[in-house]
Amino acid sequence: MTDVSEPTDDELDDSQSLDDHPLTRDRVAKYRKVMEGGGFPYSFERTATAQDLVDRFPDIAPGEATGETVTVAGRLKNTRVMGKLIFAPVSDLSGTLQLFVDVQTLGEEGFEAFLELDAGDWLGATGEVIATKRGELSVKVSSFQLLQKSLRPLPDKWHGLKDVEERSRRRYVDLMANDDARNVAIARTTIISELRRQFELRGYIEVETPILLPEATGATARPFATHHNALDIDMQLRIATELYLKRLVVGGLERVFEIGRIFRNEGVDSSHNPEFTMLESYEAFADYTDIMTLVEDVFAACATAANDSTDVELDGRWLSLAAPFARITMLDAVRDRTGLDIDYDTDISVLRAAAGDHGVQPEDHWGSGKVVEALFDAAVESTIWEPTFVTEHPIEVSPLSRAHRSKPHVTERFELFIAGSEYANAFSELNDPFDQRERFEAQAAMKAAGDDEAHPVDDDYIRALEYGLPPTGGLGIGVDRLVMLLTGKTHIREVILFPTMRPH
RNA sequence: GGGCCUGUAGCUCCAACGGUAGAGCAGCGGACUUUUAAUCCGAAGCGUGUGGGUUCGAGUCCCACCGGGCCCA
């Protein structure tokens, strides 16, 4: 019989075990020794990054000594000890540089201290910039300082950290072990900066609208629910920024955009995370065709910013983000793809039967517009490869977009599809308060009929429209998907630093 | 929600028919004054996600649970 209450495992699951585990106890002992000797520094002044060295000494010859002294800082990746010599790669944000340590320069005592360092430690070092006999640009260390000790071992220096769960849960390890993780994180920032720049160039102003709302509006999606204690009211996290941004255009801000976190209470898969980033923009006096041009320009600019090219490789195939993108109406796309001779006036029973043939199970409250959209989703969406504006969505499924100026049944709307996924959604904004109220009421009827994703009525938004929303072109871009596209990633968790995961 | 796959040392991975768990890297000890995943020598380290079951014997088979992946709704 064993006493089950006795802790028996010595895994590195918690900090208590660090003292006991063979891979960490020496590190902990060294850590404590530093603390007893006065502790670690609070700051450190470096004079060069790894990239600076490459930039400043591009033509250094093997064996050359520059006579220039720099101070660098970073994480120690490895120590290659060669008796009285040490080669030690150190990485900082800009890249990796090599420290060259020899006894003559650093002295007996310093050399011994350097040998005490462990992979993962943060250190600062000062020394002359040299090239080794093999020509590797290096800092010949004359002094160094341990900035903070790493108590836990680094992942495999060659294979890095591969397990996707571990990489996602412990992104800090992923980032220190895998260059690709770091590159994607930086690419994301580059892309978002470029998005911001593109809109600012066009005179848009960036705004912030509420995340915490009495009722989430602006899209058809299930919200997260929460509660405000002081006000004692139930609240929801936003599922879009749409109606608030349009309120600002009513107020006269004319061109606004927001890059913000959106929350939708839905499943997790390769292209969905419960919280994700969306860019929405609204431009007074523009219509949806103006927004198509905007999207073409913005996507090309982001691709160029990220990759210096508008050609993109995804899953081993190439596509081009150079303008112009193809354009096709939703109805034509469905007709072309299915061969069905249908339109919005086709008898609903015929449409439903056609939908059934394509694996769609129409619900009783669906009209022709909803059926056509379902057919598009089922038969067309995944077949689109090159960037394509799919236009003129049915009124029935577009409660916030303006009816088409000359065609019945449809709206002035488009979605951009690339490689089988939606990247943008835009329309000439519905600015008729009477029409908007009717659309909301139609949605309310669908909700009553059992569609729990139907758009709720927003009376204050109607009120805003009653003050007058100018003709406006609006746009939403899925930022995470754009980053996926431009970094060649096929799973959204690869472009979100901390994707939503079930707690361990 | 359904189907298939998966969890082994800090990391990356092996382990015929069920036969009592190995390697590389990291770590530890040693050699080495120009390495680039340094090299060489030596000694160690896991009882296989958790809990049951079948069996003389279970990473290997069965069940449940906890995570994860892929595909589908």
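Within every chain, numbering begins at 1; the chains are lettered A, B, ... in the order of the sequence lines, protein sequences first and strands thereafter.
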Main-chain N/O of A:T96 paired to A:S91 side chain as donor or acceptor, under 3.5 Å: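 It does not hold such a pair.
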
Over all strands shown, is [X] touching base, sugar-phosphate only, or nothing at heavy-atom distances under 4.0 angstrom?
X      : result
A:E166 : nothing
A:G63  : nothing
A:K84  : base
A:V81  : base

Ignoring hydrogens and angles, does a donor from either the side chain of A:Q104 or the base of B:U33 sit under 3.5 Å from an acceptor on the other?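 Between B:U33 and A:Q104, which were checked side chain against base, a qualifying N/O pair under 3.5 Å is present.
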
May I have the distance from A:I130 (atom CD1) to B:U36 (atom C1'), rounded to whole angstrom?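 Interatomic distance, CD1 of A:I130 to C1' of B:U36: 14 Å.
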
Atom CZ of A:F87 and atom P of B:A38: how far apart are they, to the nearest Å?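 It works out to 12 Å between those atoms.
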
Within a reach of under 6.0 Å around CZ of A:R182, are more than 12 heavy atoms found that belong to other residues, nucleotides or ligands?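 Counting other residues, nucleotides and ligands, CZ of A:R182 exceeds 12 neighbours.
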
CG/A:D347: more than 12 non-hydrogen atoms of other groups inside 6.0 Å: yes

Using atom [atom1] in both nucleotides, what's the gap between [N] and [M] to the nearest angstrom?
N     : M     : atom1 : value
B:C40 : B:C46 : C1'   : 26 Å
B:G68 : B:C32 : C1'   : 45 Å
B:U48 : B:A43 : P     : 27 Å
B:G49 : B:U6  : P     : 13 Å

Can a donor-acceptor pair be found between the side chains of [X] and [Y] at a distance below 3.5 Å?
X      : Y      : answer
A:R413 : A:S398 : yes
A:R481 : A:T277 : no
A:T71  : A:T126 : yes

Dot-bracket, 5' to 3', for RNA chain B please: Watson-Crick or G-U pairs under 3.5 Å, [ ] where pairs cross earlier ones, | where the partner sits on another strand, dots elsewhere. (((((((..((((.....[..))))..((((.......))))......(((((..]....)))))))))))).

Protein-nucleotides 23-26 of chain B N/O pairs under 3.5 Å:
| from | atom 1 | to | atom 2 | distance (Å) |
| --- | --- | --- | --- | --- |
| B:G24 | N2 | A:D156 | OD2 | 2.8 |
| B:C25 | O3' | A:K157 | NZ | 3.3 |
| B:C25 | O2 | A:D156 | OD2 | 3.4 |
| B:A26 | OP1 | A:K157 | NZ | 2.6 |

Considering the options A:L76, A:L146, A:V90, A:L147, which one meets the side chain to side chain contact (heavy atoms under 4.5 Å, CB included) requirement together with A:W122? A:L147

Please confirm whether the ring centroid of [X] lies under 6.0 Å from the ring centroid of [Y].
X      : Y      : answer
A:F276 : A:F263 : no
A:F417 : A:F376 : yes
A:F87  : A:F100 : yes

From NZ (A:K30) to CG (A:L151), nearest 0.5 Å: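 It comes to 11.0 Å.
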
Just N and O in the side chain of A:R169: are any of them under 4.0 Å from OP1 or OP2 of B:G68? yes

B:G68, OP1 or OP2 - any side-chain N/O from A:R502 closer than 4.0 Å? yes

Any idea if [N] is syn or anti, going by the 90°-from-0 cut?
N     : answer
B:G59 : syn
B:C40 : anti
B:A16 : syn

Whether A:D92 and A:R75 form a salt bridge (side-chain N of Lys/Arg under 4.0 Å from carboxylate O of Asp/Glu) is what I want to check.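 So A:R75 does not pair with A:D92 through a salt bridge.
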
Would you indicate which nucleotide in B:A38, B:U34, B:U12 comes nearest to any side-chain atom of A:R80?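 Nearest nucleotide to the side chain: B:A38.
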
Collect all protein-nucleotide pairs involving nucleotides 69-73 of chain B in which both atoms are nitrogen or oxygen and the distance is under 3.5 Å.
| from | atom 1 | to | atom 2 | distance (Å) |
| --- | --- | --- | --- | --- |
| B:G69 | OP1 | A:R493 | NH1 | 2.9 |
| B:C70 | OP1 | A:R493 | NH2 | 3.2 |

